[in-house]
Number of protein chains: 2
Amino acid sequence: MADSHAGHDHVWADDLTRNQELVLGTLAHATAPLSAYDILDRLRDEGLRAPLQVYRALDKLTERGLAHRLESLNAFVCCADAHCHGDGGSTAFAICDRCGKVEEFAEPAIDSKLRSWSKASGFVPARMTIEIRGLCKECSASRGP
Amino acid sequence: MADSHAGHDHVWADDLTRNQELVLGTLAHATAPLSAYDILDRLRDEGLRAPLQVYRALDKLTERGLAHRLESLNAFVCCADAHCHGDGGSTAFAICDRCGKVEEFAEPAIDSKLRSWSKASGFVPARMTIEIRGLCKECSASRGP
DNA sequence: GTCTAGACGTAATGTTATAACGTCTTGATC
DNA sequence: GATCAAGACGTTATAACATTACGTCTAGAC
């Protein structure tokens, strides 16, 4: 059994476990953020049965920057930007409240402002959450004048 | 019965309902963010019995900017800054993971950066969430070298 | 071979949030 | 003053999100 992970169409890292690969693969194919339970439902056929199996995989994936948690949604997305893997930098997300689409972007100036505020205040930052909720270009176009 | 809300030590607005006043008062006296269920527990003696009573009050209070929801904590704080009431501007929070203390601050430059990204992308922002998790000055001092 | 660290599986439970219903008060209108 | 609509309220039930606790299995270090 040389390759126990056969059948997958993409490899993100060489040392993911089976559950981690399944969860990341599910996120990668999704067009909108998925909750842990959404992911679980999509992986029942692969043998996953308990939330904890998903949460454990998500913990590792988010630690490594391969996936992100959207706090304002209690949901997860696949990382869209190879650059952000593992760096401590802040990533920002724009989340469409209508279609669910998420755009991931980095604004170094924002990161820098938050860090300078922290330094001035004596606060030692560990992680930053930056999320904008609203309507994406397409959804706002199909609604307003 | 000219004053049905007698017995409270502070008035934030003249048109809060009893439940809204109770919830806001509880948040105002807390030294750390409270979950809706924390608030409920502290208001049992006042007659509150169901989560929805608290959630409904919190909805109104956050709409008006009198309280804030911390997304990364699923908890709530009293607004610390009279200026931010009701304006659409983004407020940022630094949350100490050790002692729970929350510092609320405004960085207009961040707000401005996020808005300019939105404009450039065609995204129409409705609300922004900016939260830093880490250690406050005191807690980092009592831990580090 | 033995030990340990880490991933895993499972069951049970804890925590956060909302749906669905009917009632009550208030204020506008006729 | 009767009627009506809007909004806050109270209650029950349930949905959705997340973790604790426990035992097993495997791979690598020694």
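FYI, side chains are in, hydrogens and waters are out, and symmetry mates aren't considered; it's all heavy atoms of this structure. In the text below, chain A, chain B and the rest are named by the order of the sequence lines, each starting its count at 1.
Taking the six-membered ring for Trp and thresholds of 30 and 60 degrees, B:F105 and A:W117 have nearly parallel ring planes, at less than 30 degrees apart.
Note: CD1 (B:I39) to P (C:dA17) measures 10 Å, nearest angstrom. Here D:dG10 presents its C1' atom at 15 Å from CG of B:L22, a figure rounded to the nearest Å. In this structure, CG of B:L34 is placed 14 Å from C1' of C:dT16, rounded to the nearest angstrom. Taking atom CG on B:L16 and atom C1' on D:dC9, their separation rounds to 16 Å, with Å as the unit. As rounded to whole Å, 15 Å separates atom P of D:dT26 from atom CG of A:N19.
A salt bridge links A:R18 and A:E46; the closest N-O separation between the charged side-chain nitrogens and carboxylate oxygens is under 4.0 Å.
Considering only side-chain N and O atoms, A:Q53 lies under 4.0 angstrom from the phosphate OP1 or OP2 of C:dG9.
Under the 3.5 Å distance criterion, with hydrogens and angles disregarded, no donor-acceptor pair is assigned to the side chains of B:S90 and B:R127. In this model, a donor atom of one side chain and an acceptor atom of the other lie less than 3.5 Å apart for A:E131 and A:S72.
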Sugar-phosphate or base contact per nucleotide [nucleotides 14-19 of chain D; S, B, -; heavy atom under 4.0 Å]: ---BBB
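B:K137 NZ: 12 or fewer foreign heavy atoms inside a 6.0 Å radius.
For B:R56, the side-chain contact (heavy atoms from CB on, under 4.5 Å) criterion is met by B:L52, not counting sequence neighbours.
Between B:V23 and B:L61, the shortest heavy-atom distance links the atoms CG1-CD1, 3.8 Å.
For the segment residues 40-50 of chain B, the set of residues with a heavy atom within less than 4.0 Å of an atom of DNA chain C is empty.
Counting distance only, with no hydrogens placed and no angle test, the side-chain atoms of A:R56 and the base atoms of C:dG9 include a donor-acceptor pair under 3.5 Å.
For the atom pair B:S116 OG and A:E107 CD, the distance stands at 6.0 Å (nearest 0.5 Å).
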